[in-house]
Amino acid sequence: MSQLNAMLADDKYGTKPVAPDAPLYMVEYSSPNTNKPLHLGHVRNNLLGYSLCNILAANGLRVVKTNIVNDRGIHICKSMLAWKLFGNGETPASSGKKGDHLVGDYYVRFDKEYKAQISALMAEGKSEEDAKREAPLMVEAQAMLKKWEDGDPEVRKLWNMMNEWVYAGFDETYKRMGVGFDKIYYESQTYLDGKAKVNEGLEKGVFYRRPDGSVWADLTKNGLDEKLLLRTDGTSVYMTQDIGTATQRFKQYDITKMIYVVGNEQNYHFQVLSILLDRLGFSWGKDLVHFSYGMVELPEGKMKSREGTVVDADDLMDEMVNTAKEVSRELGKLDGMSEDEISEIARICGLGALKYFILKVDPRKNMLFNPKESIDFNGNTGPFIQYTHARICSVMRKAAENGVALSGALPEDLDISEVESGLIQTLAKFPDVVAQAGAEYSPALIANYIYDLGKQYNSFYHDFSILKEEDSQMKQFRLLLSRKVANVIKTGMGLLGIEVPERM
RNA sequence: GGUCGGGUAGCUCAGUUGGAUAGAGCAACAGCCUUCUAAGCUGUGGGUCGAGGGUUCGAAUCCCUCCUCGAUCACCA
């Protein structure tokens with residue numbers, strides 16, 4: 001009981017305040033390409049990244065949320081070229097399409113036309129390899145990339161315009177998903193720094209140049225291979241850009257720890273990056289964290305952008321919210337509510353279902369997303385937890401209506417049941433769970449904890465009467481206990497980036 | 001082939017700092033709303049924890065071997 005009293009006194013229970021001089025953690029997540037819209041894989045990335053930031057902050061750390069936008073490269077030129085050739089001047093405004101979707105459509109279009117050209121060339125007797133290289137579209141895309149690098153005004157203008165379309169689209173998606181960033185980096189603005197840094201390393205003898213002019217890092221002492229950093233023609237590769245971005249970040253922030261939220265297919269890349277940054281003298285390079293998460297698979301297998309088997313992030317959110325609305329209607333939960341209220345609750349529940357579904361799973365694991373079956377609102381789901389919260393809010397509302405005043409503290413000697421004391425014990429674990437989730441970078445721990453709490457509470461709710469309890473002290477106790485459960489649910493879900501409604 | 005990560009109920013997942021009969025949800029079946037929100041609660045059935053060996057009083061958990069699935073090892077990003 002004294003435990004409960006202590007918890008009740010603390011309305012930020014479970015989280016630690018962030019001191020101005022706390023260690024600074026920078027978390028990079030999302031990292032989209034500007035040639036296509038966000039899909040389910042990005043959704044997992046964004047939710048994990050955002051939640052991780054919340055959890056770190058709850059552990060008293062200063063957090064900078066950052067995003068690196070891959071806004072240059074051949075893939076960008078592909079959609080630019082396809083738009084130029086086949087677009088007839090189509091714009092988001094003229095077509096009514098979201099900018100990122102519009103650009104993505106041209107990326108798909110490029111691939112389609114490119115494949116046709118390859119087939120045609122192969123029919124003429126060319127080898128597949130030659131056909132891929134000689135196809136006019138590819139030749140032209142490469143020429144465009146070169147022009148971009150040379151700063152050709154026309155190409156840059158097109159590039160700017162189409163990127164702006166995409167950013168407008170991304171902003172909408174991010175906003176809806178409920179994620180955001182403190183600082184956004186663009187590869188187009190960091191890759192030159194990467195080249196400079198590599199050259200610096202070359203002078204210091206950290207890297208070496210081959211006779212053909214390419215620059216390499218020798219990682220054989222670390223049990224790895226050699227890694228290319230600058231091509232023969234002097235252009236940069238993926239790794240070079242990450243070094244450049246790191247350089248800028250290092251200058252701008254007093255980083256204690258750098259966390260990269262990136263899929264596990266890049267484990268090797270980050271292993272190498274860590275070694276390279278360390279050799280280049282970045283204090284946090286050696287201990288950088290690659291928050292590596294598994295793929296999201298569909299029942300049909302893996303998602304492939306070009307084959308149209310991706311689950312689009314916007315479509316997915318639409319579908320979740322619509323389903324939530326239907327479910328609410330069927331259950332008759334929304335009777336007497338305004339259309340705005342209905343939409344808001346459907347939004348919270350639909351997104352809650354999606355977010356919780358993704359975050360409850362151990363990030364390292366590949367996960368299966370079945371569009372038909374995964375959208376569930378019963379059992380171990382976001383809506384179950386949201387429902388528990390709404391239920392408690394309902395009781396609290398009724399208590400207020402009945403004029404029940406809530407006192408601050410409870411008598412120590414109240415004789416409570418095992419179920420109630422178990423609930424207090426579970427509540428008491430919350431700070432430890434938050435700490436562990438922070439130490440292990442695991443939103444899933446929070447998710448599973450809240451579920452247990454909700455389950456335990458519902459069982460209690462079923463067996464014990466709160467407002468009808470005659471003993472006023474006992475009633476006080478149960479009300480305060482319930483309120484604390486709701487409070488922890490709200491805080492915990494907040495760490496996951498999930499909202500909780502007051503009624504549903 | 002090298003490296004890394006998985007393999008727990010029909011399905012989706014917890015549990016892995018060693019500890020008692022391995023837990024949830026979904027799906028199936030059986031109950032519970034004139035009572036604080038039934039998106040809830042209760043119960044039934046369902047698992048040689050990939051296989052084998054080892055360490056230990058005790059192993060899903062630690063060690064070894066093997067099987068299997070995936071990722072990766074690009075002058076792609």
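Each chain gets a letter, A, B and so on, in the order its sequence line appears, and its residues count up from 1.
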Among A/M317, A/M320, A/E499, whose side-chain contact (heavy atoms from CB on, under 4.5 Å) with A/L351 holds?
A/M317
Just to be sure I understand the geometry, which residues of residues 416-425 of chain A put a non-hydrogen atom under 4.0 Å away from RNA chain B?
none
Taking only N and O in the side chain of A/K365, is any of them less than 4.0 Å away from OP1 or OP2 of B/G70?
no
For the pair made of CD1 in A/I450 and C1' in B/G25, what is the distance, rounded to whole Å?
16 Å
Worked check of side-chain hydrogen bond (donor to acceptor under 3.5 Å, both in side chains) between A/T426 and A/Q456:
CA-CA 9 Å; A/T426 301; A/Q456 219 176 321; 2.7 Å; yes
Whole angstrom is fine here: how far is it from CD in A/Q241 over to P in B/A74?
18 Å
Distance between the C1' atoms of B/U17 and B/C13, in whole angstroms?
22 Å
Measure from NZ or CZ of A/R478 to the centre of the six-membered ring of A/F464 and say whether it is under 6.0 Å with the direction within 45° of the ring axis.
no
Sticking with atom P, work out how far B/G50 lies from B/G43, rounded to a whole angstrom.
28 Å
Between B/A24 (C1') and A/I385 (CD1): distance, integer Å
12 Å
Test side-chain hydrogen bond (donor to acceptor under 3.5 Å, both in side chains) on A/T235 and A/R231; report intermediate values, then the result.
CA-CA 5 Å; A/T235 56; A/R231 295 192 186 97; 2.9 Å; yes
Per-nucleotide protein contact along nucleotides 27-45 of chain B, 5' to 3', at a 4.0 Å heavy-atom cut-off (B base, S sugar-phosphate only, - neither), is --------SBBSBBSS---
For B/C62, does the glycosidic angle fall within 90° of 0 (syn) or outside that (anti)?
anti
Decide side-chain hydrogen bond (donor to acceptor under 3.5 Å, both in side chains) for A/Y208 and A/E226; before the verdict, give the C-alpha distance in whole Å, the side-chain angles of both, and the deciding distance to 0.1 Å.
CA-CA 10 Å; A/Y208 71 96; A/E226 300 184 324; 3.0 Å; yes
C1' atom, B/U8 versus B/U61: distance in rounded Å?
12 Å
Honestly, is A/R72 close enough over A/Y191, meaning NZ or CZ under 6.0 Å from the six-membered ring centre and within 45° of the axis?
yes
Say we look at B/G47 and B/U37: how far apart would their C1' atoms be, to the nearest angstrom?
36 Å
Based on Watson-Crick and G-U pairs with both distances under 3.5 Å, what dot-bracket line describes RNA chain B 5' to 3', crossing pairs as [ ] and inter-strand pairs as |?
((((((((.[[[[.)...(...]]]].(((((.......))))).....[[[[[..)....]]]]])))))))....
Whole Å only: how far is the CD atom of A/E226 from the P atom of B/C75?
11 Å
Using only side-chain N and O atoms of A/K227, determine if any of them is under 4.0 Å from OP1 or OP2 of B/A74.
no
Cation-aromatic face contact A/R209/A/W216, 6.0 Å, 45 degrees:
no
Answer yes or no: is there an ion pair linking A/E401 with A/K398, defined by an N-O contact shorter than 4.0 Å?
no
At under 4.0 Å, does any side-chain N or O of A/R364 touch on OP1 or OP2 of B/G70?
no
Heavy atoms only, 4.0 Å cut-off, all strands: where does A/D362 land among base, sugar-phosphate and nothing?
sugar-phosphate
Between A/Y107 and A/F110, does the ring centre distance come in under 6.0 Å?
no
How close or far is atom P of B/C13 from atom OH of A/Y356, stated in whole angstroms?
13 Å
Taking the P atom of each, how far is B/A24 from B/A14, in whole Å?
16 Å
If we count only N and O atoms by modelled type, under 3.5 Å, do the side chains of A/N487 and A/K490 hold a donor and an acceptor together?
no
Gap between atoms CG and C1', on A/L368 and B/C11 respectively (whole Å):
9 Å
Pick the C1' atom in B/A9 and in B/A27, then give their distance to the nearest Å.
12 Å
Rounded off to whole Å, could you give me the CD1-to-P distance for the A/I74 and B/A77 pair?
9 Å
So does A/D452 pair up with A/K455, basic N to acidic O under 4.0 Å?
no
Should the ring pair A/Y29 and A/F181 be called parallel, tilted or perpendicular, given that the plane angle runs from 0 to 90° and is split at 30 and 60?
tilted
With the threshold set at under 4.0 Å for non-hydrogen atoms, list the residues of residues 263-279 of chain A touching RNA chain B in residue-number order.
A/N264, A/E265, A/Q266, A/N267, A/Y268
dist A/M258:CE -> A/L277:CG (nearest 0.5 Å) comes out at 9.5 Å
Please state whether the rings of A/Y449 and A/F430 are parallel, tilted or perpendicular, taking 30° and 60° as the class boundaries.
parallel
If we take the C1' atom in both B/U65 and B/U55, what is their distance in whole Å?
15 Å
Same-atom distance (C1') from B/U34 to B/C26, integer angstrom:
32 Å
Would you give the length of the straight line joining atom CD1 of A/I342 to atom OG of A/S328, rounded to the nearest 0.5 angstrom?
8.5 Å
Starting at NE2 of A/H290 and ending at P of B/U72, how long is that distance when rounded to a whole Å?
12 Å
How is A/D225 classified with respect to the nucleic acid when contacts are heavy atoms under 4.0 Å: base, sugar-phosphate, or nothing?
sugar-phosphate
A/Q117: partners by side-chain hydrogen bond (donor to acceptor under 3.5 Å, both in side chains), with sequence neighbours left out
none
Please lay out, stage by stage, how A/T34 and A/N163 fare under the test side-chain hydrogen bond (donor to acceptor under 3.5 Å, both in side chains).
CA-CA 6 Å; A/T34 57; A/N163 274 348; 3.1 Å; yes
Nucleic acid contacts - residues 429-444 of chain A versus RNA chain B, non-hydrogen atoms under 4.0 Å
none
Consider side-chain contact (heavy atoms from CB on, under 4.5 Å). Of A/N46, A/L359, A/I498, A/I446, which one does A/S51 pass it with?
A/L359
